[in-house]
Structures are given as C-alpha cells and as structure tokens.
Number of protein chains: 2
Amino acid sequence: MDFRDRSLPDGINPMNFPAKLWRLVNNPLNEGISWDIHGEVILIDQHLFEKQILSPRANTSPDAFKTTNFSSFVRQLNLYGFKKVDQPIKQLDTLQDIINL
Amino acid sequence: MDFRDRSLPDGINPMNFPAKLWRLVNNPLNEGISWDIHGEVILIDQHLFEKQILSPRANTSPDAFKTTNFSSFVRQLNLYGFKKVDQPIKQLDTLQDIINL
DNA sequence: GGGAATATTCCC
DNA sequence: GGGAATATTCCC
C-alpha cells in the first residue's frame with residue numbers, strides 16, 4: 001500500500017509562493033489570512049497580515065517573505081491568478097445566513 | 001554657474017545595485033569592501049562583508065540588500081559586468097611595492 | 001491588475 | 001559565470 005504525506009501536491013516547490021500561501025492560510029495561528037466559510041476564497045485582513053506576516057520581526061518563519069510591502073504580496077497573488085473579489089465574503093455564522101446567501 | 005551634487009552620475013537610480021555598491025565601497029566604515037590602491041578594482045573580504053553588510057542585523061541601512069547570501073551578491077556583480085580578478089591585488093604599502101609591480 | 005525592470009534564487 | 005525561474009519593485 002502507498003501512504004505518503006499529501007499536505008502538498010507533487011511538483012510544488014515547498015519554498016515557492018503557492019506553497020507558502022497554502023501553509024499560511026491553513027495555519028489557524030495566522031489570524032490575518034484564512035479561508036472563507038466555503039473554502040473557496042482567501043480572506044485577508046491587511047492590518048493583521050502586515051503585522052503578523054510581513055513585519056520584519058516576523059522573519060523567523062520559513063514562510064516569511066523578503067518583502068514587507070503588502071502591495072508586493074498582492075502582486076504575487078495576481079501573478080498566480082488570484083483576483084480580488086468584488087463583494088467581500090461575510091462570515092456566515094448561522095443557517096439563516098446561508099439561506100440568505 | 002552650475003553647482004550640484006556629483007556624488008552619483010545622472011540617471012543612476014540611487015536605490016539600485018550600482019548606486020548601493022558605489023556608496024558601500026566608498027564608505028570607509030565598510031571594512032569588507034574597498035578600492036584597490038589604483039581605484040580600479042573592488043576588494044572584498046567575504047567574511048567581513050557577510051558580517052557587516054549581509055547579516056540580517058545589518059538591515060538597518062538603506063544600502064542593505066534583501067539577500068543574506070554572498071553568492072547572490074556576486075550574481076549581481078556579474079550581472080553588472082564585474083568579473084573576479086585572477087590574481088588578487090595585494091595591498092601596496094611602499095614605493096618599492098609599486099616599483100616591483 | 002498587470003507589464004516591465006530589477007533583485008534573488010536555483011541550477012548548469 | 002551566466003541562463004532561466006521566481007520574487008520584488010516600480011509605474012501605468
């Protein structure tokens with residue numbers, strides 16, 4: 001039988017942007033970046049993200065970036081096909097919210 | 001009359017590599033990088049350069065690089081036309097040295 | 001958002 | 001050393 005770590009698909013360089021983004025968004029300690037309730041959209045709180053991920057002091061993590069500029073991070077998102085969503089996805093806490101979607 | 005700062009030629013972006021290199025090599029506080037006695041060759045002490053310029057702690061200077069790898073610094077030198085000199089230039093302290101050159 | 005210039009990394 | 005991939009910056 002064939003068991004192996006499927007935390008990342010094959011062929012993805014673990015130090016490149018997509019892999020870092022994957023780890024960052026899946027780490028619940030990173031409050032500045034998370035999945036929306038449907039797991040289809042990445043939610044980013046710019047202020048928290050800058051403070052927790054981009055600030056020079058946060059540079060101990062292997063997932064840190066060399067840039068400290070939020071705009072450069074967004075440039076990377078765009079280069080990898082991410083687009084800003086027109087209407088921000090709200091946090092859906094209740095069934096009623098989902099019905100009203 | 002026309003007086004102005006000639007510390008860098010016109011058209012040189014002061015935050016790009018050539019300008020940073022110019023300031024680094026001309027600053028006598030940077031012991032890891034200096035001119036040879038003829039002012040034609042840049043002398044680099046890798047160990048001192050890494051310690052004083054490339055180390056993460058040195059990143060307060062506007063002339064700091066984002067890389068901490070000496071090899072990446074050398075890649076930049078090569079991209080701007082610098083080549084390693086075959087025989088290292090020795091420090092010439094006396095007239096006799098110059099005669100013997 | 002994205003094209004292009006520049007910097008950094010990776011690899012031959 | 002340098003080509004090419006990737007990251008970062010600059011600018012429209």
Side-chain angles (χ1 to χ4, degrees), chain A residues 8-25 30 32-33 36 40-46 49-89, chain B residues 8-25 30 32-33 36 40-46 49-89:
Chain A
L8 271 181
D10 293 339
I12 300 292
N13 183 320
M15 290 315 289
N16 282 5
F17 183 81
K20 286 187 179 183
L21 182 66
W22 176 256
R23 290 190 297 270
L24 289 172
V25 71
N30 297 324
I33 180 169
D36 82 299
E40 292 171 349
V41 170
I42 293 177
L43 306 173
I44 297 174
D45 178 318
Q46 177 172 356
F49 190 84
E50 287 173 330
K51 193 167 146 189
Q52 300 182 339
I53 310 293
L54 297 179
S55 94
R57 286 184 297 92
N59 274 14
T60 41
S61 163
D63 289 341
F65 301 104
K66 289 190 183 299
T67 186
T68 57
N69 302 313
F70 189 73
S71 59
S72 293
F73 172 72
V74 173
R75 186 73 195 86
Q76 280 285 72
L77 286 173
N78 290 330
L79 281 167
Y80 282 96
F82 291 86
K83 311 260 183 183
K84 190 172 188 180
V85 173
D86 305 316
Q87 303 167 287
I89 309 295
Chain B
L8 273 180
D10 292 340
I12 300 292
N13 184 321
M15 290 315 289
N16 283 7
F17 183 81
K20 286 186 179 182
L21 183 66
W22 176 255
R23 289 189 297 269
L24 288 172
V25 71
N30 298 324
I33 181 168
D36 83 299
E40 291 171 351
V41 170
I42 293 177
L43 306 174
I44 296 175
D45 178 317
Q46 177 172 355
F49 190 83
E50 287 174 331
K51 194 167 146 187
Q52 300 183 338
I53 310 292
L54 297 179
S55 94
R57 287 184 297 90
N59 274 13
T60 42
S61 163
D63 289 341
F65 302 104
K66 289 188 183 299
T67 188
T68 58
N69 303 313
F70 189 72
S71 59
S72 292
F73 172 71
V74 173
R75 186 74 195 85
Q76 280 285 74
L77 286 173
N78 290 330
L79 280 167
Y80 282 96
F82 290 87
K83 312 258 186 186
K84 190 172 186 178
V85 173
D86 305 317
Q87 302 168 288
I89 308 296

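In what follows, chains carry the letters A, B, and so on, assigned in the order in which the sequence lines appear, proteins first and then strands, with residues in each chain numbered from 1.
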For [X] and [N], what is the distance between atoms [atom1] and [atom2] respectively, to the nearest whole Å?
| X | N | atom1 | atom2 | result |
| --- | --- | --- | --- | --- |
| A:N16 | C:dT8 | CG | P | 17 Å |
| B:L79 | C:dA5 | CG | C1' | 12 Å |
| A:L54 | D:dT9 | CG | P | 10 Å |
| B:L77 | C:dA7 | CG | P | 12 Å |
| A:I53 | D:dT8 | CD1 | P | 14 Å |
| A:N78 | D:dA7 | CG | C1' | 14 Å |
| A:F70 | D:dT9 | CZ | C1' | 16 Å |
| B:K20 | C:dT6 | NZ | C1' | 11 Å |

Between [N] and [X], is there an OP1 or OP2 to side-chain N/O distance shorter than 4.0 Å?
| X | N | answer |
| --- | --- | --- |
| B:N69 | C:dT9 | yes |
| A:S71 | D:dT9 | no |
| A:Y80 | D:dT6 | no |

Nearest-nucleotide pick for [X], side chain only, options being [options]:
| X | options | value |
| --- | --- | --- |
| B:S72 | D:dT8, C:dT8, D:dG1 | C:dT8 |
| A:R75 | D:dT9, C:dT6, D:dG1 | D:dT9 |
| B:Q76 | C:dT8, D:dA7, D:dG2 | C:dT8 |

Query - Candidates B:L77, B:V74, B:I53, B:V25 - the one meeting side-chain contact (heavy atoms from CB on, under 4.5 Å) with B:I44 - result: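 The side-chain contact (heavy atoms from CB on, under 4.5 Å) with B:I44 is passed solely by B:L77 among B:L77, B:V74, B:I53, B:V25.
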Query raised in the report: Between A:F82 and A:K66, which has a closest nucleotide on DNA chain C that is more 5'?
Result: A:F82
Query raised in the report: Is the backbone of B:M15 close enough, under 3.5 Å, to the side chain of B:N13 for a donor and an acceptor to pair up by distance?
Result: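 Looks like yes, one N/O pair under 3.5 Å.
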Report task. Report yes or no: does B:D63 contribute a side-chain atom to a donor-acceptor pair with the main-chain N or O of B:L24 at less than 3.5 Å? Result ->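 It does not hold such a pair.
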Query raised in the report: Mind checking whether B:P14 and B:R23 have side chains closer than 4.5 Å, heavy atoms only?
Result: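 Yes. Closest side-chain heavy atoms under 4.5 Å.
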Query raised in the report: Should the pair A:F70 and A:F49 be assigned to parallel (<30°), tilted (30 to 60°) or perpendicular (>60°) ring geometry?
Result: perpendicular
